[in-house]
Participant: 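What follows is a structure written as C-alpha cells; I'll ask about it next.
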Amino acid sequence: MVASEIIRFDHVSKEFEKNDKQELQVLKDVNLTINEGSIFGIIGYSGAGKSTLIRCINGIEKPTTGDVYFRDTVINNIPNKQLRERRKEIGMIFQQFNLMPSRTVFENVALPIKYSGLAKDEIKAKVNQLLELVGLPDKLDVYPSTLSGGQKQRVAIARALVNDPQILLCDEATSALDPQTTADILKLLKRLNDELGITIVVVTHEMQVIEDLCEYVAVLDTGKIVEQGDVYSMFADPQQELTRKFISTTSKLNLPDEVLDSDLLHLVDNQLLIKITYVNTEAIEPLISHISRQFEVDANIIVGDIKILQQKPLGGLVIILDGTKANIEATVQYINDQNIRLEVLDHA
Amino acid sequence: MLDKIFPNVVFNFPIFKTAIYQTLEMLAITGTISFIISVILGIILVVTKKDGILSNLIIWNILDKIINLFRSIPFIILIAALIPLTRIISGTAIGVKGTIFPLIVGIVPFFARQIESSLNELDEGLIESGQVMGLSPMQIIWSIYLKESISSMARVTTITIISLVGLTAIVGVVGGGGIGDFAIQYGYQQNEQDSTIACILVLLVIVTIVQIIGTLISRRATH
Ligand SMILES: Nc1ncnc2c1ncn2[C@@H]1O[C@H](COP(=O)(O)OP(=O)(O)O)[C@@H](O)[C@H]1O
Ligand SMILES: [Mg+2]
C-alpha cells in the first residue's frame with residue numbers, strides 16, 4: 001500500500017509581532033509531509049515553535065507565509081465556517097488537559113457534539129463507547145477535579161475522538177504526567193492508531209515519547225526543521241548535533257562526565273574508548289571475536305544496550321579497545337567499513 | 001417595646017414600609033437590567049480584545065474608553081447630568097421610576113468591568129479547546145465563557161449588588177424614594193436617630209441576604 005499524505009507543510013514561516021514592533025520569527029521555512037495512518041513526532045526544546053507548528057494544522061495559528069494542506073484543503077486559507085467543520089476532523093489534546101471544570105466527564109466528552117443535532121441517546125451511546133475505549137467506563141458522572149492526571153488525559157482523548165477525527169494532535173500531552181502514566185497514555189495512543197487507523201501528530205521535548213510512540217520524527221531547532229526521517233534511522237544514524245543530544249537523553253550508553261573526566265577507567269596509552277551503534281544485532285558477537293582474532297585487539301565491553309524501535313532492534317556498545325596503535329586504527333577502520341556507527345569517546 | 005426603641009419608625013411605619021419596598025424594587029429592576037447589559041458588554045470586551053475569539057480592536061477601544069469615562073464620573077454628578085435624558089427615557093426624573101435609568105448608567109460600567117475580569121480569569125486553554133473542537137464563537141461564549149464562569153460571576157454580581165444598594169441610597173438624596181430618601185427626610189432633616197438606625201439595619205439585612213445567596217450560587221457552581 002502506498003501511503004497517502006494527509007498533512008503537508010509547504011514552506012511555512014510564522015512571525016509574531018513583538019511589542020517593540022520587531023518581528024519574532026517562530027517558524028522558518030518548514031516543510032513536512034505526514035502520511036495517513038502514521039504517528040509523526042516533532043521534537044524540540046521549549047520555545048522552539050512546536051506549539052505554533054502543531055496549531056497551524058488546525059488553523060488556530062495561521063502561517064505568515066506558506067501553506068498548510070489538510071489533504072487538498074489549504075487550511076490557512078478557508079472561510080471560518082468551513083475551518084470549523086474541518087476542525088471536527090482534527091482532534092487535539094494538551095499538556096494541561098483543558099477539561100471543563102464545571103462539566104462532568106460525560107458532559108466534557110459530549111461537548112464537541114452538543115450542537116451536532118445528534119439525538120440524546122446517540123450522544124450517550126457515543127460517549128459511553130469512547131469512555132470504554134480509553135478505559136474509564138465508570139467515571140461518567142464525576143467532575144474532572146476528582147480525577148488523576150492520567151485519567152484527565154484519557155477523558156481529553158475521548159473528547160478529542162468524539163467527532164471521529166482523522167487526525168489526533170498531541171501538544172506535550174504527557175509532559176505533565178509521571179513516567180508510568182506517560183507510558184500508559186503512550187500505549188493508549190498507539191492502540192488508537194492501530195485500531196482506528198487515526199493519524200497521530202505529537203510534539204514533545206522528550207525523546208522517550210518519540211522513541212516509544214513515533215514512526216517518523218522531525219527535529220525542530222528554533223523554528224527550523226534540522227533533520228527529519230523515520231525514527232529508527234534517526235536513532236541509528238543521527239546527522240545533527242541537536243538530534244544526537246536528544247537521543248543521548250534516552251540512551252543507556254552515556255558514561256557520565258565524571259567517569260570520563262576522573263579517569264576512573266584508567267585508560268592507558270594503547271587503549272581507546274569507543275561507542276558503536278549497530279543495526280544487525282546478530283552480527284555483533286562474531287564482530288567482536290573477529291576483531292580480537294584478526295587485529296589482536298582486546299575489546300572490553302563496558303556497557304551494552306539493545307533498543308527495540310519500530311519492532312526492530314538497535315544495539316549499542318561502549319567498548320575499550322586495547323592493542324597497538326596501528327592495530328587499533330585498523331580496527332576502527334574495519335568497524336567503519338561494516339557500516340557501524342562509531343564514536344570515539346576518550347583516549348589516554 | 002419596639003415603639004420605645006424606634007418611636008418615630010413605628011409612627012411612620014407605612015412610609016418606612018413603602019421605602020423598603022421601593023429600595024427592593026429599585027434593586028430588582030436595575031439589578032436585572034444592568035446584569036444583562038453588563039454581561040453583554042463584558043462578553044464584547046473579552047471577545048473583541050487582542051487575541052479574543054472575535055478580536056476587533058476598534059470596538060474594544062471604543063467600549064473600553066466609554067466605560068472608563070463613565071466610571072470616572074461621581075454618581076451624584078452623573079444623576080444630575082442625566083436628568084434631561086432620564087426625563088426622555090422614563091418620563092420623569094423623580095421617584096422610583098426616575099431612578100432606574102441613572103442607577104443603570106451608574107452601575108453598568110463597574111459591573112461590566114467586574115464581569116469582564118471574571119471572564120478574563122478563565123483559563124485560555126479552555127477557550128482554545130472550544131476552538132479546536134470546532135465550536136462557533138456563540139457556542140464558545142455560551143458553553144464555555146458563561147458556563148465556566150458562573151461561580152466567579154456570582155461573586156462579582158454579589159459585590160456589584162452591594163454597591164448598588166449604596167447607589168439606591170444616594171438617589172434618595174435627589175428625591176428618588178427608598179430607604180435612602182427615608183433616612184434623609186426623617187433621620188437627617190428631622191433628626192430622628194431611630195429612623196437612621198432602622199435604615200441601617202434594613203440595609204444590613206439586605207446586604208447579608210444578597211451575600212448569602214451569592215455565596216450559595218458561587219459554591220454550588222464550583223466543582
Ligand atoms: N501569540 C504569540 N505572540 C507572540 N509570541 C508568541 C506567541 N505564541 C508563541 N510565541 C513565541 O513563539 C515562540 C515559540 O513558542 P511555542 O510555539 O509555544 O514554542 P514551544 O511550544 O516549542 O515551546 C516563543 O518564543 C513564544 O514566546
Ligand atoms: Mg508548547
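Here is how names work: the chains are called A, B, and so on, in the same order as the sequence lines, proteins then strands, and each is numbered from 1.
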Participant: Write out the donor-acceptor pairs between chain A and chain B under 3.5 angstrom, atom names and distance to 0.1.
Facilitator:
from: A:R55; atom 1: NH1; to: B:E128; atom 2: OE1; distance (Å): 2.8
from: A:R55; atom 1: NH1; to: B:E128; atom 2: OE2; distance (Å): 2.6
from: A:R87; atom 1: NH1; to: B:Q131; atom 2: O; distance (Å): 3.4
from: A:N98; atom 1: ND2; to: B:G125; atom 2: O; distance (Å): 3.1
from: A:S102; atom 1: N; to: B:E148; atom 2: OE1; distance (Å): 3.0
from: A:S102; atom 1: OG; to: B:E148; atom 2: OE1; distance (Å): 2.8
from: A:S102; atom 1: OG; to: B:E148; atom 2: OE2; distance (Å): 2.8
from: A:R103; atom 1: NH2; to: B:S143; atom 2: O; distance (Å): 2.9
from: A:Y115; atom 1: OH; to: B:S143; atom 2: OG; distance (Å): 2.2
from: A:S145; atom 1: OG; to: B:H223; atom 2: O; distance (Å): 3.3

Participant: Find the distance between CD1 (B:I140) and CG (B:L135) and round it off to the nearest 0.5 Å.
Facilitator: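 With rounding to 0.5 Å, CD1 (B:I140) is 5.5 Å from CG (B:L135).
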
Participant: Under a 4.5 Å heavy-atom cut-off, does chain B meet the side chain of A:L111, its backbone, both or neither?
Facilitator: both

Participant: Could you tell me which non-hydrogen atom of A:L168 sits nearest to which non-hydrogen atom of A:A160, and how far apart they are?
Facilitator: CD1-CB, 3.6 Å

Participant: Below 4.5 Å, heavy-atom pairs only: which of A:G91, A:P101, A:G59 has the largest tally toward chain B?
Facilitator: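 Looking at each option in turn, the highest pair count goes to A:P101.
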
Participant: Does A:F40 have any side chain to side chain contact (heavy atoms under 4.5 Å, CB included) partners at least two apart in sequence or in another chain, and if so, which?
Facilitator: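 Partners of A:F40 by the side chain to side chain contact (heavy atoms under 4.5 Å, CB included) criterion, ordered by chain and then number, come out as A:L32, A:I34, A:I42, A:Y216, A:A218, A:Q228.
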
Participant: Quick test of your reading: applying ring pair (Phe, Tyr, Trp, His ring centres under 6.0 Å), list the pairs with at least one residue in residues 56-84 of chain A, sequence neighbours left out, ordered by first then second residue.
Facilitator: none

Participant: Any side-chain to backbone donor/acceptor pair from A:N128 onto A:K124? Under 3.5 Å, distance only.
Facilitator: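 Present.
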
Participant: Suppose we screen for side chain to side chain contact (heavy atoms under 4.5 Å, CB included). Which residues come up paired with B:A28, at least two apart in sequence or across chains?
Facilitator: none

Participant: Under a 4.5 Å heavy-atom cut-off, does chain B meet the side chain of A:I90, its backbone, both or neither?
Facilitator: backbone

Participant: Backbone N or O of A:D67 within a donor-acceptor pair of the A:R8 side chain at under 3.5 Å?
Facilitator: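 Checked: no pair found.
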
